[in-house]
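Here the structure comes first, spelled out in structure tokens, and everything after it is commentary.
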2 protein chains.
Amino acid sequence: MALTMSDVARAAGVSVMTVSNVLNDRPRVGAATRERVLAVVAELGYEIDLTARRLRTGRTGTVALVVPRFDHQYYAELAALLATAFAENGHHLVVEQSNASRENELAAVSPARLRFYDGIVLSAVGLTAEDVTHLRGEVPLVLLGEQDLPEVVDHVMMANAEGARLATEHLLERGSRRIAVLGGARVGDVAGGIGPQRTAGWRAAHRARGLEPPEELVAPVSDHGSGGARGATTELFRRYPDVDAVFAVTDQLAVGALAALHDLGRRVPEEVRVIGFDNLDLLAQVPPGLSTVDPSNAWIVEQTVELLERRIADPAAPAVLRESPVRVVARGSTD
Amino acid sequence: MALTMSDVARAAGVSVMTVSNVLNDRPRVGAATRERVLAVVAELGYEIDLTARRLRTGRTGTVALVVPRFDHQYYAELAALLATAFAENGHHLVVEQSNASRENELAAVSPARLRFYDGIVLSAVGLTAEDVTHLRGEVPLVLLGEQDLPEVVDHVMMANAEGARLATEHLLERGSRRIAVLGGARVGDVAGGIGPQRTAGWRAAHRARGLEPPEELVAPVSDHGSGGARGATTELFRRYPDVDAVFAVTDQLAVGALAALHDLGRRVPEEVRVIGFDNLDLLAQVPPGLSTVDPSNAWIVEQTVELLERRIADPAAPAVLRESPVRVVARGSTD
DNA sequence: CTGAAAGCGCTAACAA
DNA sequence: TTGTTAGCGCTTTCAG
């Protein structure tokens with residue numbers, strides 16, 4: 001059986017309350033008493049029961065990050081950054097997986113689950129606008145993700161269209177004229193999310209130069225893994241052999257494009273330029289070096305922590321939407 | 001304020017105890033009463049307070065996985081598999097990060113933290129043999145990782161030496177004779193962990209063919225990111241331009257090797273073959289396709305879940321060590 | 001089959 | 001400065 005506070009109190013010859021006061025650094029405890037209690041705590045190896053404290057105070061010292069998948073490199077890198085940032089604020093971070101399902105995302109912010117945490121950062125992909133309005137005020141929550149959602153909850157997102165515009169402009173500037181959008185959304189597809197927003201940027205870059213965006217080169221993917229992208233790219237080049245650049249809406253898709261181009265014997269960047277979006281650390285090294293759009297993860301993390309800590313402190317604070325700055329990182333794949 | 005059980009009890013005109021019985025599927029409740037309670041629960045949207053239950057019963061329904069880093073693809077893929085497997089056993093998985101520090105690994109299995117969880121899967125890299133013996137029996141725990149640790153705690157690991165031997169044999173068989181070990185450990189370095197174990201397999205493969213392992217081609221790395229590997233590989237080829245194959249002790253290091261070889265203008269696999277270890281999904285696609293050793297993650301996950309569930313049920317069960325089967329996955333980088 | 005009492009380990013509020 | 005009382009929301013035990 002684990003030790004309790006009264007074991008410590010008995011051993012130290014004080015009351016339970018005094019032990020509690022010492023352990024919580026509350027001021028009205030004599031120095032000698034404090035010493036004694038701490039000595040006993042150390043000797044016995046007592047550790048406070050956070051469950052009991054939580055039941056009493058409602059605070060846990062822990063915040064959760066809910067991501068669609070653990071094994072998507074983008075979320076993994078985000079989680080690592082958030083863990084460090086929250087640690088600096090005295091919050092412990094745990095990560096849960098929603099499997100990108102609306103049900104799991106809702107469950108993650110349910111009162112039952114929330115009681116484990118002081119706040120939640122939810123990287124949402126399945127949540128609807130309707131769901132979000134019902135969430136309003138229930139829980140200290142910061143939304144992450146590229147969905148268009150009602151501005152009733154704090155939300156940090158990327159400048160998606162702008163990033164896509166910059167990437168496309170980068171390709172146009174180097175002379176590419178038949179630029180495909182891998183993972184793009186066709187005109188009339190549902191709006192919101194990365195596909196549509198980034199495709200909009202691709203269109204904008206063309207129009208800014210007086211060019212008509214080649215809509216036939218919008219190549220949707222069925223899943224966001226690299227495997228699907230490989231197939232989609234192969235098919236794309238079969239139909240349109242004159243494609244001279246691929247803007248993949250994520251780095252993960254870009255990897256699939258690189259694989260397909262290798263299969264097809266098309267050289268990158270000499271024959272086809274490739275650029276991604278996300279600036280994943282792991283892919284910075286992959287030959288010939290993947291050009292990409294950097295979404296400023298450090299900035300995103302900084303804002304997220306600030307907003308969540310603020311909301312924990314003041315649940316009534318007005319909801320804000322913040323958009324991270326983006327920039328192109330040019331590497332070998334667009335030389 | 002959130003609803004409590006007595007709110008439900010009052011609304012349903014029964015006692016708190018009856019609500020508890022219904023919600024826990026305990027048998028001695030009349031069908032009509034059960035119906036009524038469930039109806040009220042649904043109508044009010046009541047959710048049980050797991051914190052309070054845990055204080056009373058000691059069970060939380062949650063298990064934790066502690067990994068050194070969220071952003072190492074290997075752990076990310078492992079976490080995703082474990083989440084699914086535990087979900088099938090009615091356990092919710094959360095993931096925490098230890099930053100590969102001994103202190104954090106110990107904190108993660110402390111009684112205080114453990115009280116949040118029914119059990120812990122600890123992917124250990126900093127824990128010492130001494131630490132592990134003190135852990136014995138304190139908590140439902142399964143260790144993961146390639147350290148040599150006392151067999152007093154359930155431990156699932158890979159067949160490291162065997163995998164390395166197979167990878168090296170695969171290279172020898174294709175004609176490579178100057179095979180470097182990137183991330184290897186020199187003779188006399190501390191034993192245990194992936195570097196030494198996998199380097200031992202590289203030696204064994206050479207000796208099995210009557211060849212003396214070229215110890216000068218053992219290339220340690222300072223960090224396990226791809227960046228360090230890139231530098232180490234460049235340096236390696238500067239000193240030993242005749243190296244004709246690289247066995248990287250992890251896929252992540254192999255990516256760095258590929259980058260360096262690209263920088264140096266050495267073609268893979270024509271001039272230099274490259275093989276990794278871990279079989280990361282993300283890298284399966286990277287051109288020319290990274291050959292690797294598959295550590296059977298599905299098997300590892302299956303064993304881990306089985307052992308942890310067993311230990312939760314029976315804390316006194318004898319500790320076991322299980323070693324996952326390995327096999328070479330040949331792709332373009334060793335063609 | 002249902003309910004009342006007690007208490008898990010802690011801390012807020014107040015009393016000494 | 002320290003101790004006492006009460007109770008967070010639930011479940012165990014035992015009585016009805």
Side-chain angles (χ1 to χ4, degrees), chain A residues 1-41 44-62 110-118 139, chain B residues 1-41 44-62 110-118 139:
Chain A
M1 202 45 216
L3 292 167
T4 82
M5 231 177 212
S6 30
D7 295 323
V8 175
R10 204 173 315 113
V14 296
S15 80
V16 184
M17 210 40 237
T18 299
V19 179
S20 173
N21 284 330
V22 170
L23 259 31
N24 287 282
D25 269 324
R26 274 183 284 252
R28 344 83 166 295
V29 182
T33 316
R34 154 166 279 120
E35 284 304 302
R36 190 147 34 90
V37 169
L38 288 176
V40 171
V41 164
L44 266 44
Y46 168 76
E47 293 189 74
I48 204 158
D49 186 331
L50 296 173
T51 303
R53 170 190 280 176
R54 168 201 290 164
L55 182 60
R56 191 63 243 235
T57 65
R59 283 296 167 91
T60 70
T62 302
S110 71
R113 202 74 87 48
L114 189 79
R115 262 184 280 235
F116 283 166
Y117 306 116
D118 291 345
V139 305
Chain B
M1 201 48 217
L3 291 166
T4 82
M5 233 179 212
S6 31
D7 295 323
V8 175
R10 202 174 315 113
V14 295
S15 79
V16 184
M17 215 34 242
T18 299
V19 177
S20 173
N21 285 330
V22 169
L23 260 32
N24 287 283
D25 270 324
R26 274 183 283 253
R28 347 83 167 297
V29 182
T33 315
R34 155 165 278 121
E35 286 302 303
R36 192 147 34 90
V37 169
L38 289 176
V40 172
V41 165
L44 266 43
Y46 168 75
E47 294 187 75
I48 205 158
D49 185 330
L50 296 173
T51 300
R53 168 188 283 178
R54 142 63 207 124
L55 184 60
R56 197 58 247 239
T57 65
R59 286 294 166 92
T60 67
T62 303
S110 71
R113 204 72 86 48
L114 188 80
R115 264 185 277 240
F116 286 166
Y117 307 116
D118 291 346
V139 306

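Lettering follows sequence order; numbering is per chain, from 1. Below, all heavy atoms of this structure are taken into account, side chains as well, without hydrogens, waters or symmetry copies. Bear in mind the structure is a predicted one, so any value in this text is a computation, not a measurement.
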*Please assess A:Arg34 against A:Asp25 for the test side-chain contact (heavy atoms from CB on, under 4.5 Å), listing each intermediate value before the final yes or no.*
CA-CA 9 Å; A:Arg34 154 166 279 120; A:Asp25 269 324; 4.0 Å; yes
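Residues A:Ala12 and A:Val40 come closest through the heavy atom pair CB-CG2, 3.8 Å.
Here the side chains of A:Leu38 and A:Val22 are in contact, with some heavy-atom distance below 4.5 Å.
B:Leu50 meets the side chain to side chain contact (heavy atoms under 4.5 Å, CB included) test with A:Phe116, B:Ile48, B:Arg53; sequence neighbours excluded. Judged as a side chain to side chain contact (heavy atoms under 4.5 Å, CB included), and not counting sequence neighbours, the contacts of A:Ser20 are A:Met5, A:Met17, A:Asn24, A:Arg26. For B:Ala39, the side chain to side chain contact (heavy atoms under 4.5 Å, CB included) criterion is met by no residue, not counting sequence neighbours.
If you measure from atom CZ of B:Arg36 to atom C1' of C:dC1, you get 13 Å, rounded to the nearest angstrom. Nucleotide C:dG7 holds its P atom 17 Å from the CG atom of A:Leu55, rounded to whole Å.
Axis deviation across the helix from C:dC1-D:dG16 to C:dA16-D:dT1 amounts to 40°, comparing end segments of five pairs, rounded to 10 degrees.
Between A:Thr18 and D:dT2 there is no side-chain N or O to OP1 or OP2 distance below 4.0 Å.
Applying the side chain to side chain donor-acceptor pair (under 3.5 Å) test to every pair with at least one member in residues 6-18 of chain A, sequence neighbours left out, gives these pairs: A:Thr4-A:Ser6, A:Ser15-A:Thr18.
With hydrogens and angles disregarded, no donor-acceptor distance shorter than 3.5 Å links the side chain of B:Arg54 to the backbone of B:Thr60.
Among the atoms of the strands shown, none is found under 4.0 Å from any heavy atom of B:Thr51.
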*Reading nucleotides 10-16 of chain D from the 5' end, what letters show protein touch, with B for base, S for backbone sugar-phosphate only, - for no heavy atom under 4.0 Å?*
BBB----
